[in-house]
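Sequential numbering from 1 along the given sequence is applied to the chain's residues. Ligands are counted one by one from 1 in listed order, and the atoms in each one are counted from 1 as well.
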Amino acid sequence: MALLSSPPSPSPSLPSPPLRLRHLRGLPPRPISAASASADADADADADADADHRLVVSGGGRLAGHVGVSGSKNAALAVLAGALCCSSGAAALRGVPDLSDTRTMAAVLRSLGARVEERGGGEVVVDAGDVTSVEPDSEAIGRIRAGFFVLGPLVARFGEAEVALPGGCRIGARPIDLYLRGLAALGAVIQLRHGKVRVEAANGKGLVGGQFHLDYPSVGATETLMTAASLADGVTILSNVAREPEVADLAKFLVTCGAQIEGAGTSTLVINGKKRLHGAEFTIIPDRIEAGTLMVAAAITRSCISLSPVIPGHLTSIMDKLSAAGCKIIQKGRHILEVGVLLGSKLIFLVLKIRTLRDFVALQVSALSSPNNGDLQGFYLKTLPYPGFPTDLQPQFMALLTTCNGLSVVEESVFENRMHHVKELQKLGARIRLSGSSAFIQGKRHRSSALSGCPVEAADLRGGAALVLAGMAAEGVTEISGVSHIDRGYENFEAKLLSLGANIERKVEHQQQLMTGIA
Ligand code: EPU
């Protein structure tokens, strides 16, 4: 692992005492309020983890109607970790999608002694006032990449932390060198021991403001350093940071909690550290990757659907590609509500325009009226950091391109191993040639002849979504295993597709049943 070969400012001479604050004030992590509801949910999730989930998709149909977009997974994960910065008052979050990844993040926070109350409907309240540990549960951290983000708030607030190396989708080496070099620039001393990263403030008190240039605009490193710098003593300047909307959303949350951050959404952040941050109410942005996936669902089935809420500015590169292929995308304006009012015996309709703070709008995506009777054109795409085309939509777009006219090329430049779906798409009949990080896709003129259903396996979250989309376009039945990957990042995925008219069903077989079957 790159990180292990060149650890930043390692301190081999540093003694390795047990963490002073491993259990702050000598208390074990305390039980959580609303414990029963949350614990039950976790128990259900665990019971389900033993089951084999498959999605069975009968392809060939069209979609129609309107679908809701959930809150952003990656913004929610960063904000949940960022809530650890708030030493007074709870962070009341709205728009947190109910996903296995967000539940794992809640488990990480609970393992530190934070109170996390999942109220349903996307509302999650995090009270990190009485954190009792600076060493989160390693098993939970090993399940999601974002678990590692707690390192920033913990070391900034308590002067020390010990966090296991992170997990997440296996789409590349995913080193953490930038996180650690950045923390070192803020006065942290870092050691790697037994698969854990141990970070201490060199001055024994807390982090201090500093300057750090990221070699690559890493989303997670930017988010971790932003939270750390928000509580450091003095001013921090971070350059070549990630500009993803999820990073900007975290900045907005921290500012709502009292942080002083300038430059969110640009390449340079100037952060004036505060002694304390406080809880606040906050709404997570809509998930641009889920929105993009649903837009591809419309395109690959040559259908017309609408979706909301979205922030069109976050979808520019996605809309450009779909439009180039021949889809029509119409912005439906701000939230519009028609209300019928009875005046005497007359029913009068008032049209209320609701302007939300973030100007959420609906989009209509149509592949019906494209040239040549729904025959979409192939194109070239290269994944890049925002505002470039998102790597998290590369597999879904590749599925679409197998049904588009001509030769298309997809170049993956963000992760070095994000092509697991190619082999599965090939099983469905896709003509794809892989060469390094580029895929050459020879699309078929008629989508009905491009793909034909068979059993396939999801190896990661977005690749799994791509297989569902391909199954919806394929002739016959596609059975997708490895659905737990999809459940990490799409809230009610098959329910949403069902509501649009897709023919999709979840098959759950418990281990015992499977074993009976084998016997
Ligand atoms: N990188 C380094 N050193 C580091 C950190 C990253 O070299 O210290 C490299 C990575 O190896 C990779 C590139 O930088 O090649 C981009 O990684 P980045 O750190 O930006 O990604 P991340 O923070 O690990 C987040 C999302 C991913 C999304 C990427 C890129 C979360 C929880 N995850 O990951 O989301 O693909 O940014 O936009 O925010 C997904 O939702 O399916 C997903 C994988």
Please say whether [X] places an N or O atom under 3.5 Å from an N or O atom belonging to ligand 1.
X      : result
Leu461 : no
Ala146 : no
Leu178 : yes
Val219 : yes
Tyr216 : no
Pro175 : yes
Asp392 : yes

Within a distance under 4.0 Å of any heavy atom of [X], pick out the atoms of ligand 1 and give their elements.
X      : answer
Val414 : 12 (C), 13 (C), 15 (O), 16 (C)
Thr391 : 30 (C), 36 (O)
Lys73  : 40 (C), 41 (O)
Arg145 : 24 (O)
Gly220 : 19 (O), 23 (O)
Ile176 : 8 (O)
Tyr179 : 5 (C), 8 (O)

_Please determine whether a side-chain nitrogen of the Lys or Arg among Glu494 and Arg506 lies less than 4.0 Å from a carboxylate oxygen of the Asp or Glu._
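Yes, this pair counts.
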
*Flag the pair Asp392 and Lys73 as a salt bridge only when some basic side-chain nitrogen lies within less than 4.0 angstrom of an acidic carboxylate oxygen.*
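Salt bridge absent between Asp392 and Lys73.
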
Are the side chains of [Y] and [X] in contact, using a 4.5 Å heavy-atom criterion?
X      : Y      : result
Ile329 : Met295 : yes
Asp249 : Phe282 : yes
Ile144 : Arg103 : no
Val468 : Tyr490 : no

*Knowing that exactly one of Arg462, Gln394, Gln396, Glu457 qualifies, which makes a side chain to side chain donor-acceptor pair (under 3.5 Å) with His421?*
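Running side chain to side chain donor-acceptor pair (under 3.5 Å) over Arg462, Gln394, Gln396, Glu457 with His421 returns exactly one hit, Gln394.
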
Location of contacts on [X] toward ligand 1, heavy atoms closer than 4.0 Å:
X      : answer
Arg462 : side chain
Arg418 : side chain
Glu223 : neither

_Between Ser308 and His66, is the side-chain hydrogen bond (donor to acceptor under 3.5 Å, both in side chains) condition met? List the steps._
CA-CA 8 Å; Ser308 70; His66 182 86; 3.0 Å; yes

*Atom NZ of Lys196 with >12 non-hydrogen neighbours under 6.0 angstrom*: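 Counting other residues, nucleotides and ligands, NZ of Lys196 exceeds 12 neighbours.
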
*Begin from the C-alpha positions of Glu416 and Ser437 and carry the test side-chain hydrogen bond (donor to acceptor under 3.5 Å, both in side chains) through to its verdict.*
CA-CA 7 Å; Glu416 64 277 20; Ser437 55; over 6 Å; no

*asked:* I need the single residue from Thr224, Val241, Val247 that forms a side-chain contact (heavy atoms from CB on, under 4.5 Å) with Val219. Which is it?
replied: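 Of all the options given, the one that passes is Val247.
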
